[in-house]
Every structure is written in C-alpha cells, then in structure tokens.
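The sequence lines fix the lettering, A, B, ..., with proteins before strands; numbering per chain opens at 1.
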Number of protein chains: 2
Amino acid sequence: MRNISQFTEKLRLSGLRPTKQRISICEALFDRNDTFHFTINDLTKILKRKVNKKISIATVYNTVHAFKNKGYLKQISINSDKSYFDTNVSEHHHFFDEDMNKLIDLENEYLDKIKIKKKIPGKKIKSVEVLVKVVNNK
Amino acid sequence: MRNISQFTEKLRLSGLRPTKQRISICEALFDRNDTFHFTINDLTKILKRKVNKKISIATVYNTVHAFKNKGYLKQISINSDKSYFDTNVSEHHHFFDEDMNKLIDLENEYLDKIKIKKKIPGKKIKSVEVLVKVVNNK
DNA sequence: TTACCTGCAAAGAGTTTGCAGGTAG
DNA sequence: CTACCTGCAAACTCTTTGCAGGTAA
C-alpha cells in the first residue's frame, strides 16, 4: 500500500499522469527485491494475473516506452524477435541463457573495466554492453 | 569467374546444392575484400541490382539461415526490429552506429581479453559479445 | 475544461511456412 | 528418378498507429 503512493509521486515528478494502469505496471515491475528481466509478453501475463481489469497491449507498450525514456527501464541487446527490458538501470552486463531464453545480470564487479582502444572518427561512445551467451553444461 | 567454382565447391562440401540462387548470394556476400554487415533487406537490394532474375525473399532467408548454420555467417545481437548478419565469423566485437544504423567491426586486438569472474551453475559459456554503441560527436 | 491517457482494431514490418512446380545429381 | 530447392502467397509474431471515448488536474 505504501508503494502505491511512492509510484504516484514518481510518475507525477516525471510528468506522467499516475493512472490506474501505470500504477499497476509499476507494481508489477518495481515492487520487488531483485532486478527483473522481461519481454512485453511476460509483463502482459503478469498483469493479467495480478490486475482484475485487463490492460490493453497498446497501453503496456506505451508505458514501457515511457518508462524507458524516463530512465526507469533499460532495453537489452539480444538477437531475438522480442525486445527484452531490465528494471536494473545501473551500468552492468548480462548472461543470456539460450536454453531458457532468460537474462541474468552480470554485475560490473565480475569483469575488468573494458577499455576500447579504437576510435571511430566523429563518433563518441554512448554505451558498452557485454552479452555472455550460456548453454546447458554437457 | 574463378570464384564461382570456389563457391560451388564450398556449397557442395557443406551438403548444400550449388543452385544459381545460392551462388549469386555467395557472390554478393563473399566476393569482397572487407567484411560485410547486412540485414536481409540490404542483401535483397544488392541481389536485385546484381542479378538479372529476381531471387525470392523466402530463398534469401533460407539461404542466409543455411549459411549461418554452416558457420559462414554470424548473427549479431542488437536490439533492433531487424536481424543483422556479418560475413566475418572470427571471434570479434562490434560498434553500432546509432545514427547510421550501421555495424563496424571491433577486432579483438582493440580490447583486453574479457575474463568473466562469475559462473552460472550448470551452464557453460558459449560466446562473449561486446557491443559498443556510438553516436555522432557533438 | 483541456490536455493527456486508454483501449480497440487495424495496419505495418520482419520473418516463417505450406505447397506446387522446378532442378541437381 | 528422387531428394532437395525455389517462389509465391498466406500466415504469424511483435510492435506501432489512428482515433473515439475516458479521466486526471
């Protein structure tokens, strides 16, 4: 219950109206202890389970994009037909489990700082992402 | 001309029949000095320009997937609506130019070896990919 | 009241599939 | 001759868009 007012305020502060739908999505995404990796489809299923009234897919897409633009979500690069998002917006990397189609955080502390010794003229680095693909052992 | 017979043999050796279409696609992809990054759409346009008879999209997809499975092409992880492929199948990394939507090779020599100091139980590492997103400077 | 938000359905992009006809070996 | 390959269109999946009606401030 306390969280709902937190979400309301957070939304208001970022210039997003705290509608019922957005608050439900906040609860699904941010009311947890661990970081959460998901596709739109995953999120839709969770919402279907948790919310009595159905939230339209268009609204889910709109909200996820709004949250991404506000910096509350990060989109992860994977070659997949779907987009993956992460509630952990700190600088970090990922494992991708190809058997489970699941992302796992790889915190910065588990690898040395990456130094890129090549420059592209006229370009500056925006981000460096490491994706470690893993498969079942054996 | 010499290349055509090379491609024919390469295809035959991998158990793929050297059809006209596949040889044309080989020429478009592999008859170059530098490595080549492309989407299916890029490849289709090149084929339209170079080949007198049109190659069906289904065949282009089939062939690209066959080549990928044979290890002649690599698929690159980017969060994009399209799939990107690379004729450079050696272990290396990429820049992604977000203004041009273009991939640029980042050879291994330009970064230190990446050591992952975290293990996922029951899983083994299949690949480590670094994607450096760049944008226009200024 | 007004600007913003939601939900639906339709449209759009990329990719895959089913199948009839064609071709390599 | 037979297995494999191609081309077309239809189907499918994910995502975006247009718009009428609803809601927050």
Of residues 44-62 of chain A, the positions that come close to DNA chain C - non-hydrogen atoms, cut-off under 4.0 Å: A:Lys53, A:Lys54, A:Ile55, A:Ser56, A:Ala58, A:Thr59
Which parts of residues 71-89 of chain B get close to DNA chain C, meaning a heavy atom less than 4.0 angstrom away? B:Asp81, B:Lys82, B:Ser83
Find the distance [X]:[atom1] to [N]:[atom2] and express it as a whole number of Å.
{"X": "A:Asp42", "N": "D:dT15", "atom1": "CG", "atom2": "C1'", "value": "16 Å"}
{"X": "B:Phe38", "N": "C:dG14", "atom1": "CZ", "atom2": "P", "value": "15 Å"}
{"X": "A:Leu13", "N": "D:dA24", "atom1": "CG", "atom2": "C1'", "value": "16 Å"}
{"X": "A:Leu11", "N": "D:dA24", "atom1": "CG", "atom2": "P", "value": "13 Å"}
{"X": "A:Arg12", "N": "C:dC5", "atom1": "CZ", "atom2": "P", "value": "13 Å"}
{"X": "A:Arg17", "N": "C:dT2", "atom1": "CZ", "atom2": "C1'", "value": "8 Å"}
{"X": "B:Lys20", "N": "D:dC4", "atom1": "NZ", "atom2": "C1'", "value": "15 Å"}

Going by atom types alone, do B:Gln21 and B:Thr59 pair a side-chain donor with an acceptor below 3.5 Å? no
Verify the distance criterion only: is there a donor paired with an acceptor across the side chains of A:Asp105 and A:His37 at less than 3.5 Å? yes
Any ion pair linking A:Lys126 and B:Glu98 (charged N to carboxylate O, less than 4.0 Å)? yes
Side-chain ion pair, B:Lys50 and B:Glu27, N-O less than 4.0 Å: no
If you only use heavy atoms from C-beta on, which nucleotide in C:dG25, C:dT6, D:dT6 is closest to the side chain of B:Thr63? D:dT6
Is [X] near enough to [N] that one of its side-chain N or O atoms lies under 4.0 angstrom from OP1 or OP2?
{"X": "B:His65", "N": "C:dT15", "result": "no"}
{"X": "A:Arg22", "N": "D:dA24", "result": "no"}
{"X": "A:Gln21", "N": "C:dG7", "result": "yes"}

A quick test of your reading: do over 12 heavy atoms of other residues, nucleotides or ligands sit less than 6.0 Å from CD1 of B:Ile57? no
Take atom CD in A:Gln75; do more than 12 heavy atoms of anything else shown fall under 6.0 Å from it? yes
Of B:Pro18 and B:Asn41, whose closest DNA chain C nucleotide lies nearer the 5' terminus? B:Asn41
May I ask you to decide if the ring planes of B:Phe38 and B:Phe36 are parallel, tilted or perpendicular, using 30° and 60° as cut-offs? parallel
Looking only at heavy atoms, the pair that brings B:Phe30 and B:Tyr72 closest together is CE2-O, 3.6 Å
Does anything in residues 112-121 of chain A form a side chain to side chain donor-acceptor pair (under 3.5 Å)? List the pairs, not counting sequence neighbours. A:Asp112-B:Lys117, A:Lys117-B:Asp112, A:Lys118-B:Glu107
